[in-house]
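Note that the structure is a prediction, hence the values are computed from the model and not measured. Along the sequence shown, residues carry numbers from 1. Start at 1 and go down the list; that is how both ligands and their atoms are numbered.
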Amino acid sequence: MGNNGKVVLAYSGGLDTSVCIRYLQTMHKLDVITVTVDCGQDDDFKEIEKKAKAIGAIKHVYVDAREEFARDYVIPSIKANGLYQSKYPLATALARPLIAAKAVEVANREGATAIAHGCTGKGNDQIRFDVTMRALNPKLKIIAPIRDMNLTRDVEMKFAKEQNIPISAEAKKYSIDLNLWGRAVEGGNIEDSYFEPPEDAFQFINFANDKAGYIELEFEAGTPVAADGKRMPLIDLIEYVNDKAGTYGVGIVDHIEDRVVGIKSREVYEAPAAITIIEAHKDLEKMVLTKHELAFKRMVDEQWSWLAYSGLWQDPLRTDLDRFIDATQIRVTGKVRLKMQRGSLRVVGRESKYSLYKNDLATYAAGSTFDQNLAKGFVELWGLQSIIANSVAAGATSGDDKKTKGGKK
Ligand code: ARG
């Protein structure tokens with residue numbers, strides 16, 4: 001038994017965190033309490049508990065955080081059109097601060113002196129865990145065995161075998177991170193940036209539906225509340241959209257991503273619901289927000305996504321931005337219809353009672369209320385400086401300038 005007290009380990013049941021249990025016991029002489037936080041990863045949590053105890057955890061805590069994840073992390077991200085580098089819907093990034101917060105709660109309750117996670121020193125997750133843990137309880141010592149010992153997956157695999165720690169077949173092939181908002185697939189042959197991810201890398205995406213299909217999403221104040229005419233709680237709605245859009249091949253993201261620590265990595269995600277919902281949300285915003293709101297909010301969205309990605313969820317700027325974003329969402333109410341086919345996604349219709357699109361202004365047909373006479377003067381003033389700049393530049397190249405100056409001599 002550990003004589004250095006208790007440590008709470010954020011435990012997923014995967015390879016990294018499983019070998020951590022054993023390292024914490026043997027090298028740090030700590031009693032290990034494992035915490036598994038359910039953010040919709042759809043795992044067999046009974047099995048995970050069994051596994052933790054079999055490896056040596058003295059206690060295991062399961063936390064169902066799905067509601068909280070949806071309400072306090074996913075909804076703000078939808079409102080912020082949360083995409084890192086315009087591509088990645090932040091699924092892993094959003095879950096980490098919540099998992100860290102739950103682990104701290106357990107550590108406080110159990111009187112632990114240390115808190116641990118299974119992150120490597122190469123990724124973003126270590127930042128998200130460390131910063132949240134320190135922000136919420138700076139007294140806890142943070143231990144990250146994989147990072148501390150500079151371990152590679154192969155060494156971990158060998159250690160696991162020696163120590164009789166079971167490894168799943170999937171872990172041998174890829175490293176997966178799954179939650180309600182998306183799934184990241186890493187490792188194996190996917191690390192070759194030119195290698196196309198094979199179909200077996202995906203769980204939601206298949207091409208069961210070959211013909212085009214539609215999905216209709218309804219939003220209230222920036223939050224999706226109904227899909228295909230049925231109102232449902234957000235968790236159910238996300239699962240519904242994941243399944244449906246997935247069968248049309250929608251939601252694969254394959255890009256080169258800049259990690260906070262400077263490494264470029266090839267990332268493969270599948271997030272049918274996140275991609276579809278954000279696409280619809282952005283489109284609805286374009287209909288109800290002014291062009292000034294849209295231009296400013298685009299910068300805010302980008303900054304918000306960067307804070308979430310880079311592990312600064314706890315920074316007050318994030319909540320400051322949330323307040324601005326919430327204020328813009330009051331009118332983001334309405335319906336969006338999207339068409340999907342073999343991986344393509346396109347908004348084909350939108351409507352809102354707060355729409356700023358006025359057909360009588362926009363129409364080219366009879367009955368327009370737009371007075372074209374007003375345009376003439378406006379256009380003249382709008383282009384004023386551009387026109388002057390062109391004539392000044394033309395004078396400079398034709399040598400007019402020199403002539404007049406020289407002529408005065
Ligand atoms: N690159 C993504 C991020 O930093 C996903 C990482 C998922 N992988 C993982 N091992 N947690 O959020």
> Charged N to carboxylate O under 4.0 angstrom, E285 versus K297?
Replying inline: yes
> Taking only residues two or more places apart in sequence or in another chain, which ones pass side chain to side chain contact (heavy atoms under 4.5 Å, CB included) with K282?
Replying inline: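 With neighbours one apart ignored, the set is N81, L83, I278.
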> For T333, which residues count as a side chain to side chain contact (heavy atoms under 4.5 Å, CB included) partner, sequence neighbours excluded?
Replying inline: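 Partners of T333 under the side chain to side chain contact (heavy atoms under 4.5 Å, CB included) test: E220, K353, Y354.
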> Taking the six-membered ring for Trp, are Y73 and W313 ring centroids under 6.0 Å apart?
Replying inline: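 Yes - the distance between ring centres of Y73 and W313 falls below the 6.0 Å cut-off.
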> So which protein residues pack against ligand 1 under 4.0 Å, heavy atoms counted?
Replying inline: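 Lining ligand 1 at under 4.0 Å, by heavy atoms, one finds Y88, T92, A93, R96, N124, D125, R128, A184, E186, E257, E267, Y269, Y309.
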> What pairs of residues pass the salt bridge (charged side-chain N to carboxylate O under 4.0 Å, His left out) test when at least one of them lies in residues 136-146, not counting sequence neighbours?
Replying inline: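 Sorted result for residues 136-146: empty, none.
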> Passes ring pair (Phe, Tyr, Trp, His ring centres under 6.0 Å), H255 versus Y88? Steps please.
Replying inline: CA-CA 8 Å; H255 82 146; Y88 162 44; 7.0 Å; no
